2 protein chains.
Amino acid sequence: MTAADAAAELRGWDHCTNTAVRRAARRLGQLYGDVTAPTGLTSPQQILLSHLKLAAGWADPAATTLQHLAAAMVMDLSALGHTLKPLIRDGYVELVPDARDRRVKRARLTEKGEAKQAEGLALWRVAQARFNALFGPEEAAALRRALAVVASDEFAEAFRRGDVSS
Amino acid sequence: MTAADAAAELRGWDHCTNTAVRRAARRLGQLYGDVTAPTGLTSPQQILLSHLKLAAGWADPAATTLQHLAAAMVMDLSALGHTLKPLIRDGYVELVPDARDRRVKRARLTEKGEAKQAEGLALWRVAQARFNALFGPEEAAALRRALAVVASDEFAEAFRRGDVSS
DNA sequence: TCACGAAACCGGTATATGCCACTATTATCA
DNA sequence: TGATAATAGTGGCATATACCGGTTTCGTGA
C-alpha cells in the first residue's frame, strides 16, 4: 500500500466501491421513490413489474421462471420469492406452475399488474429524464455501463476466481 | 422520446440507473461479503463500524451523533438506529448520551468493536484490491467519483428542485 | 424400476431500510 | 415566562434481501 493509499484510507470511505454503491442506491431509492410514490409501489416492486413486462415479450419462455428471474435481477431466489409475496397478494402478479416440469413456476403480470406497471413507467420516465438531464446523458450512460459490468456474471466469476489480469 | 430511446426501453432495463445501481449493490454485497464472511459481519455492519472508526478521529465531535451519521451514510435515522441494534447487542458499539443536549446520542466503538473493525478491514483490503485489479484502478476510481456525486446532498437537492441546467 | 443426486421452490429467521407516530428535550418568541 | 415550534431519538410496521433446511419433482444409472 502506498502512502497516498494510506492517506485516502484515513480520509474516508470514498475509496470503497461497496460503500459508494450502497450509498448511491439508498439515495436513488429516495429520489426515484419520491417521483413514483403515487403508484404506491416501492422501487424494487416497480423494477420487478417492469422486468416481468419485458421478460414476457422475450422469445425464451424460460425467462419468466423464478430461477431465471432471480438470476437476471442478481437476486437470491428466496429473496425474489419474498419480494413477490406482496405483489401477488395485491393482485399484480400471479404464479403459474409449469405443466411439463412441476417444480417450475413462472411469474406473470395480471391485467391489474400491467396497468400498474404502465402507471409506474410514466412516472419513472420523469425521474429518469430528470436524472439524465442533471447528471448528463453521456455520463449517465457510462455509469450504467460500468455498473452493468460490475453486476455481470462474468465479473462475479472472475472476482471469485481471484483473477487479476481481467 | 426518440426512436432509439424507445428501442432501448423495450430492450431491457439497462437504461434505468436506479435498477443498475441496485443490481450492482446486490452483487457487490455478495462478492465483498464472501471475502469478509469470516468476521461474521454483514457488509452494512462492516461499513458502519469503519465509518465510526473514522468519524471518531475527526475534529468535529458532532460527527458521531446519530443524526450526522445517518446523513453521512445517506441513510434514514431510524434505519441507522435499527442497524445499530445488533452491533450494540453484540458489544461492538455503544451509545453515549450527550451531557449538554440530552436529546443527542453519540455512537462509539467499544474496544471489542475496534478489534472487529480492524479484523474486517484486513479482509476488506483483499476484496478491494481484487475489485480494483479486475475492474481497473482508474475505472474504479472514476466509478466511485460518479457514485459519490449521485449520493451527494447537492445532487439530491438539485434533483428535487427539478433542475435541468445542472 | 428403484435408489440417489440434482434442481426448483417454500418457509423460517435475521439483518437492512424506510415511513410514520410518539416521546423527550431544546429553542423561539410573543 | 409560558405556549409553541423544532430537533433527536425510539418503536412499530412493512418491505428488501440473504442464508439455510425441508419438500417436491426430475433425471440418471445400476
Side-chain angles (χ1 to χ4, degrees), chain A residues 18-19 21-34 36-37 39-49 62 64-71 73-90 92 95-107, chain B residues 18-19 21-34 36-37 39-49 62 64-71 73-90 92 95-107:
Chain A
N18 193 18
T19 302
V21 170
R22 280 175 180 280
R23 269 207 298 239
R26 286 192 292 264
R27 180 69 85 185
L28 282 186
Q30 296 169 14
L31 298 181
Y32 276 68
D34 287 348
T36 59
T39 64
L41 296 174
T42 64
S43 269
Q45 290 175 339
Q46 172 68 34
I47 291 169
L48 193 47
L49 291 190
T64 57
T65 69
L66 296 189
Q67 196 75 222
H68 285 232
L69 283 173
M73 307 272 301
V74 188
M75 189 182 285
D76 184 86
L77 173 62
S78 73
L80 175 63
H82 291 315
T83 300
L84 240 23
K85 281 276 170 60
L87 294 170
I88 294 171
R89 179 199 59 199
D90 297 341
Y92 298 134
L95 293 186
V96 185
D98 185 286
R100 274 175 282 280
D101 187 338
R102 275 180 298 179
R103 290 172 301 181
V104 171
K105 289 185 183 175
R106 292 197 164 72
Chain B
N18 194 18
T19 302
V21 170
R22 280 174 182 281
R23 269 207 297 240
R26 285 191 292 263
R27 181 68 85 185
L28 281 187
Q30 296 169 14
L31 299 181
Y32 275 69
D34 287 349
T36 60
T39 64
L41 297 174
T42 65
S43 269
Q45 290 175 337
Q46 173 67 35
I47 291 169
L48 193 47
L49 291 189
T64 56
T65 69
L66 296 190
Q67 196 75 223
H68 286 233
L69 283 173
M73 308 273 300
V74 188
M75 188 182 286
D76 185 85
L77 173 61
S78 72
L80 174 63
H82 292 318
T83 300
L84 281 173
K85 281 278 169 60
L87 293 171
I88 294 171
R89 179 199 60 200
D90 296 341
Y92 298 134
L95 293 186
V96 185
D98 184 285
R100 274 174 282 280
D101 187 338
R102 276 180 297 177
R103 289 172 301 181
V104 173
K105 290 185 183 174
R106 292 196 164 72

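In this text, all values refer to a predicted model and were calculated from it rather than measured experimentally. Only this structure's heavy atoms are used, side chains among them; waters, hydrogens and symmetry mates stay out.
Side-chain atoms of A:Ser78 lie closest to D:dC19 of the nucleotides D:dT10, D:dC19, D:dT17.
When the P atom of D:dG11 is taken as reference, atom CG of B:Leu66 falls 12 Å away, rounded to whole Å. Protein atom CG of B:Asp76 is 16 Å distant from nucleotide atom P of D:dA16, rounded to whole Å. Between the CD atom of B:Gln30 and the P atom of D:dC19 there is a distance of 7 Å, rounded to whole Å. Rounded to whole Å, the distance from CG on B:Asp34 to C1' on D:dA18 is 12 Å. Counting to the nearest Å, the P atom of D:dT24 and the NZ atom of A:Lys105 are 12 Å from each other. Between A:Tyr92 atom OH and D:dT15 atom C1' there is a gap of 14 Å when expressed in whole angstrom units.
At D:dA8, none of the side-chain N or O atoms of B:Arg100 fall inside 4.0 Å of OP1 or OP2 (strictly under the cut-off). Between B:Arg103 and the phosphate of D:dT7, there is no side-chain N or O to OP1/OP2 separation shorter than 4.0 Å. Between B:Gln67 and D:dT7 there is no side-chain polar atom (N or O) within less than 4.0 angstrom of OP1 or OP2. Checking the phosphate oxygens (OP1, OP2) of D:dT24, no side-chain nitrogen or oxygen of A:Arg102 falls inside 4.0 Å. Applying the 4.0 Å criterion to OP1 and OP2 of D:dA16, one finds that A:Thr42 has a side-chain N or O inside that range.
Residue B:Asp101 is in sugar-phosphate contact alone, with no base atom involved, counting any heavy-atom pair closer than 4.0 Å across all strands shown. Residue A:Leu77 is in base contact, counting any heavy-atom pair closer than 4.0 Å across all strands shown. At the heavy-atom level, A:Arg106 lies nowhere under 4.0 Å from the strands shown.
Put simply, the side chain of A:Arg22 does not reach to within 4.5 Å of the side chain of B:Leu28, judged on heavy atoms. Side-chain contact between B:Leu80 and B:Leu48: present, with at least one pair of heavy atoms (C-beta onward) separated by less than 4.5 Å. A heavy-atom distance below 4.5 Å is found between the side chains of A:Asn18 and B:Ile47.
For residues 73-83 of chain A, the side-chain hydrogen bond (donor to acceptor under 3.5 Å, both in side chains) pairs, not counting sequence neighbours, are A:Asp76-A:Ser78.
Computed from C1' positions of five pairs at each end, the angle between the two local axes of the helix from C:dT1-D:dA30 to C:dA30-D:dT1 equals 10°, rounded to 10 degrees.
Bounding nucleotides for the chain B contact on DNA chain C, 5' to 3', at a heavy-atom distance below 4.0 Å, are C:dT15 to C:dT26.
Ranked by how close their nearest DNA chain C nucleotide is to the 5' end, A:Arg27 and B:Pro86 are led by B:Pro86.
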